[in-house]
Amino acid sequence: MKLSQSTKILCFVCLTLFCFSTAIAQTLEQQIDEYLKAEYKANEPGVSFLIAKDGKPIYQKAFGMANLELNVPMATTNVFEIGSITKQFTAVAILMLEEQGKLKVEDDITKYIPDYPTQGKKITIHQLLNHTSGIKSYTSMASFMKNARTDMSPKELIDVFKNEPMDFDPGEQFLYNNSGYILLGYIIEVVSGETYADFIQKHIFDTLGMTSSSYGSMTNIVPNRASGYSESENGYQNAEYLSLTLPYAAGSIMSTTSDLLTWQKALNNYTLIKKASYEKAIHGSTLNNGEHITYGYGLGEENINGSTSIQHGGGIFGYTTMGIYFPQEKIFVSGLTNCDCKNITGVTTAIAAMAIGKPFPNKKDAIKLSETDAKKWVGTYQFEGNVVRYVTFENGQLFSQREGSTKLEIYPMSKTNFIFDGGNTSYEFSESNGKKQAKFTNNGTSIIGNEIDKAPPVEKETVTLSPEVLSQYTGKYELAPGMVMDVTIKENQIFVQLTGQPQFEIFAEKADTFFLKVVVAQLVFDRNTEGKVTGVTLNQGGRQMPAKKIE
């Protein structure tokens with residue numbers, strides 16, 4: 001067939017645009033490859049990563065290892081425990097039942113759980129969904145780790161926290177709360193007549209063709225399951241065992257990046273719930289006083305470099321996960337890792353910014369400032385909520401330290417703009433009429449701080465103790481039932497790790513007295529008359545919490 005001249009020109013233009021688009025994609029692919037390879041080494045726990053545009057994958061790769069013991073590389077087909085990403089499935093299940101006329105989110109929870117002790121308060125399904133119920137989160141209770149290996153029915157799990165004092169009156173505050181989603185799972189069972197696992201499988205996974213997704217199990221054979229890991233002072237270790245009956249409707253689903261894309265497309269296309277229901281889930285909600293919060297129903301609305309995103313992450317023993325969707329750009333980004341030590345939220349956010357063409361700056365691009373220009377912004381800045389941040393200058397480098405937290409370097413991108421490592425958090429300094437101001441931005445959301453007259457905290461002096469002395473402190477100390485502090489040493493450094501928490505280095509002020517730099521806290525070790533270490537007292541927030549040495 002002979003082509004006209006205009007058709008030939010059009011074909012050439014289309015071919016040129018295609019080549020240009022492909023070149024951009026290859027550049028983005030190279031950037032992401034470089035970023036992920038730096039974060040996930042070939043011989044360490046890894047990541048499965050996916051980026052989709054208009055519902056179609058434009059990037060899908062895996063890095064690192066799925067199983068360290070068998071030396072199995074990670075693949076994009078690997079299955080992960082997705083932790084709290086489960087919450088959006090639970091929320092949609094509730095909205096499906098609401099559309100069927102079987103419940104209303106404004107309903108009092110006692111309509112479905114008549115014997116639940118609400119302590120004279122009205123608690124609604126809506127308040128369970130958006131974490132404003134005030135109910136105590138069972139994962140913050142000391143008994144959680146004690147019960148981690150115990151299979152429980154939903155009613156048995158509810159019994160663990162139902163009589164705990166409430167943190168606040170319903171609707172007064174937002175406080176992330178796993179107990180609320182346990183109750184939601186049980187309400188789904190009461191209303192539907194099916195188990196939560198069966199409901200999710202039948203009405204979501206089977207309906208959408210999510211063939212690699214399931215309600216998690218530690219005993220069932222799960223094809224392509226990536227093994228979960230934690231990190232200790234001696235390297236990586238298998239994650240602690242957790243019965244997946246405990247996360248239940250708050251965090252027990254397993255899935256893949258491909259299946260999560262299928263799920264996101266179903267949300268975008270209103271396959272399972274109507275647009276009005278989905279809008280309730282994604283646009284946040286309000287407290288009793290009318291204050292807007294960005295959390296809706298199992299999803300939060302956030303800003304990344306000026307672009308609206310809908311997102312949620314997850315963390316569970318051995319795994320961390322993150323999913324971000326940009327409605328305007330129609331881009332979905334998902335990262336799943338098999339180590340609870342990996343900051344997948346920061347990684348996914350940084351790559352998501354690349355994918356929408358709004359990358360965060362990199363500290364490699366930092367400029368050199370004169371000492372005079374750098375010292376200009378030294379000071380103490382107060383932000384809303386009485387948050388105080390200190391900007392200090394040491395050894396030719398500016399540092400930022402939030403009150404009660406650790407000190408971090410900040411890198412100059414100009415005379416007034418400084419970024420933290422990772423690029424998604426920054427300062428923009430300014431001065432007017434002799435008064436300094438700092439705009440602090442995290443993931444595109446900014447707050448303004450004004451300089452105040454307050455001196456930065458004095459850095460405590462440390463002493464060096466011999467390995468022989470440090471070894472006397474090692475062991476396990478019981479702070480509360482199921483809550484243990486594990487003290488270890490490595491290469492003449494001493495560390496403490498609280499059950500279910502990361503490991504932190506501690507520093508000696510003097511023999512038997514140590515402090516943490518990540519929080520304002522002190523550890524004072526106790527000795528008996530024979531000089532043997534028998535316990536430790538944690539001093540934090542005005543409280544003294546003794547812990548007996550148990551091994």
Side-chain angles (χ1 to χ4, degrees), residues 14 17-36 39 47-61 76 82 85 88 92 208 255-273 275-284 294-314 321-336 344-362 419 422-426 441-446:
C14 290
L17 289 174
F18 173 78
C19 292
F20 179 68
S21 175
T22 302
I24 293 176
Q26 287 174 341
T27 302
L28 177 62
E29 179 180 9
Q30 291 166 355
Q31 290 175 339
I32 296 171
D33 282 353
E34 180 181 348
Y35 193 101
L36 289 174
E39 292 288 334
V47 65
S48 176
F49 214 89
L50 177 145
I51 303 173
K53 169 73 173 173
D54 295 321
K56 297 178 180 179
I58 59 172
Y59 182 95
Q60 189 169 18
K61 290 187 180 182
T76 58
I82 62 172
I85 291 179
Q88 57 196 265
V92 167
L208 300 180
S255 193
T256 64
T257 53
S258 292
D259 269 9
L260 291 178
L261 173 59
T262 299
W263 167 248
Q264 186 62 52
K265 288 192 289 186
L267 295 178
N268 297 342
N269 296 328
Y270 316 118
T271 305
L272 298 174
I273 55 174
K275 181 179 180 180
S277 295
Y278 184 51
E279 294 287 324
K280 286 196 294 188
I282 64 173
H283 289 315
T294 59
Y295 199 98
Y297 295 168
L299 289 162
E301 188 173 47
E302 302 293 341
N303 183 294
I304 297 179
N305 286 346
S307 289
T308 298
S309 70
I310 309 301
Q311 57 179 261
H312 209 292
T321 59
M322 189 65 187
I324 301 174
Y325 179 67
F326 296 93
Q328 284 76 37
E329 292 86 352
K330 296 182 179 179
I331 286 177
F332 174 65
V333 185
S334 176
L336 306 177
I344 190 61
T345 299
V347 170
T348 307
T349 301
I351 291 178
M354 295 180 201
I356 61 173
K358 299 177 180 181
F360 292 110
N362 193 302
I419 66 169
N424 57 341
T425 306
S426 66
T441 302
N442 183 44
N443 289 339
T445 301
S446 300

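A distance of 10.0 Å separates CD of Glu302 from NE2 of His312, quoted to the nearest 0.5 Å. Put simply, CG on Leu50 and NZ on Lys61 are 12.5 Å apart, with the number rounded to the nearest 0.5 Å.
When side chains are defined from C-beta on, Leu208 counts as touching Leu272, because their heavy atoms get closer than 4.5 Å. Looking at heavy atoms from C-beta onward, Lys330 lies in side-chain contact with Tyr325 at the 4.5 angstrom threshold. Between Ile351 and Leu36, the closest side-chain pair of non-hydrogen atoms falls below 4.5 Å. Side-chain contact between Thr425 and Phe360 is absent, with no heavy-atom pair separated by less than 4.5 Å. Looking at Leu267 and Ile310, their side chains never come closer than 4.5 Å, going by heavy atoms from C-beta outward. The side-chain heavy atoms of Asn268 and Phe332, taken from C-beta on, include no pair separated by under 4.5 Å. A 4.5 Å side-chain heavy-atom check between Thr257 and Phe49 finds every atom pair outside the cut-off.
When every heavy atom of Leu336 is checked against every heavy atom of Ser255, the shortest pair comes out as CD1-O, 4.0 Å.
Side-chain N/O atoms of Gln311 and Thr345 include no donor and acceptor closer than 3.5 Å. In this model, a donor atom of one side chain and an acceptor atom of the other lie less than 3.5 Å apart for Asp33 and Tyr59.
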